[in-house]
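To keep things clear, I will list the structure first and then write my remarks on it.
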Amino acid sequence: QVQLVESGGGLVQAGGSLRLSCAASGRTFSSYAMGWFRQAPGKERDFVTAISSNGGSTYYADSVKGRFTISRDNAKNTVYLQMNSLKPEDTAVYYCAKNRAPFGVLSRIPRDYDYWGQGTQVTVSS
């Protein structure tokens, strides 16, 4: 079973930056697209960004485009989310997830992801 472990969350002031990491177990990490989602209390899980298996393609929600950057290091089985110019509305639990289709197209649909991390809390104060 694939295990995903997020880290790097915390409390930051508006305008600040954080970098989240997602460390994956398994031998086939490089075969799968990965995504980041977030969920605020009382709200649905929202797509944030996704990256192709080789890191060549990325896809961002409009709300974070230009501020967030997804990247991956397949040699380290790790995907990253660099978050800049953070806003209070970015406050949420952030989850990384593995797309269930090897070499699949980028997706914003949670159903297309079959393994999820435990989440890491990001809190942005004003």
Side-chain angles (χ1 to χ4, degrees):
Q1 297 294 315
V2 173
Q3 289 185 301
L4 305 173
V5 180
E6 301 98 333
S7 62
L11 175 65
V12 65
Q13 292 186 350
S17 298
L18 284 173
R19 189 178 79 156
L20 307 183
S21 298
C22 175
S25 66
R27 300 178 299 276
T28 59
F29 174 78
S30 63
S31 297
Y32 295 92
M34 299 288 294
W36 286 95
F37 293 77
R38 65 187 183 185
Q39 187 167 26
K43 295 186 177 180
E44 295 182 335
R45 188 187 309 151
D46 287 334
F47 170 78
V48 177
T49 181
I51 188 167
S52 60
S53 58
N54 67 359
S57 298
T58 57
Y59 176 43
Y60 296 91
D62 288 343
S63 59
V64 306
K65 193 171 186 177
R67 300 188 298 121
F68 290 11
T69 303
I70 188 171
S71 62
R72 66 191 296 162
D73 186 340
N74 286 346
K76 297 181 179 179
N77 274 21
T78 302
V79 62
Y80 304 96
L81 181 62
Q82 178 66 48
M83 305 184 294
N84 298 327
S85 301
L86 283 162
K87 305 174 181 179
E89 50 263 48
D90 295 319
T91 295
V93 176
Y94 283 70
Y95 300 90
C96 68
K98 181 189 77 66
N99 194 301
R100 64 185 178 188
F103 307 105
V105 298
L106 303 184
S107 174
R108 63 186 300 134
I109 303 172
R111 188 182 300 272
D112 286 338
Y113 297 82
D114 59 353
Y115 289 93
W116 297 78
Q118 83 289 346
T120 185
Q121 177 70 48
V122 171
T123 302
V124 184
S125 63
S126 60

*asked:* Does anything in residues 9-22 form a side chain to side chain donor-acceptor pair (under 3.5 Å)? List the pairs, not counting sequence neighbours.
replied: S17-N84

*Reported CG-to-OG distance for the pair N74 and S31, which is rounded to 0.5 angstrom*: 8.5 Å

_Contacts of type side chain to side chain donor-acceptor pair (under 3.5 Å), residue N77, not counting sequence neighbours_ = none

*If only atom types and distance count, is the side chain of R100 paired as donor or acceptor with the main-chain N or O of R111 below 3.5 Å?*
yes

_I'd like to know if the side chain of Q39 reaches the main chain of A92, judged simply by a donor and an acceptor atom lying under 3.5 Å from each other, with no hydrogens or angles considered._
no

*Applying the 4.5 Å side-chain criterion to the ILVMFWY set and letting contacts propagate, would Y32 and Y115 be lumped into a single cluster?*
no

*Between OG1 of T49 and CE of M83, what distance do you get to the nearest 0.5 Å?*
12.0 Å

*List the atom of S107, the atom of A50, and the distance in Å for their closest heavy-atom pair.*
O-CB, 4.1 Å

*Checking S25 side chain against Q3 main chain: does a donor-acceptor pair fall under 3.5 Å?*
yes

*Are side-chain heavy atoms of R38 and V64 found at a separation under 4.5 Å?*
yes

*Measure the spacing between CG of D90 and OG1 of T123 and express it to the nearest 0.5 Å.*
11.0 Å

*Looking at T91, L81, L20, L11, which hits side chain to side chain contact (heavy atoms under 4.5 Å, CB included) with V122?*
L20

*Show which residues join F47 in its hydrophobic cluster (side-chain heavy-atom contacts under 4.5 Å, direct or indirect), or state none.*
F37, Y59, V93, Y95, L106, Y113, W116

_Determine whether a donor-acceptor pair (N or O, by modelled atom type, separation under 3.5 Å) exists between the side chain of R67 and the backbone of S85._
yes

_When you group the ILVMFWY residues by side-chain heavy-atom contacts below 4.5 Å and let the links chain together, are I51 and Y80 in the same group?_
no

*Can you tell me which residue pairs pass the disulfide (SG to SG under 2.5 Å) test with a partner in residues 7-108, sequence neighbours excluded?*
C22-C96

*Tell me, please, which residues at least two apart from F68 pass ring pair (Phe, Tyr, Trp, His ring centres under 6.0 Å).*
none

*Search all heavy atoms of P88 against all heavy atoms of S126 and return the closest pair with its distance.*
CG-CB, 3.8 Å

_Which heavy atom of A24 sits nearest to which heavy atom of L4, and what is that distance?_
CB-CD2, 3.4 Å

*Give a yes or no on whether the backbone of I70 and the side-chain of Y60 come within a donor-acceptor separation of less than 3.5 Å.*
yes

_All side chain to side chain donor-acceptor pair (under 3.5 Å) counterparts of S52, not counting sequence neighbours_ = N54

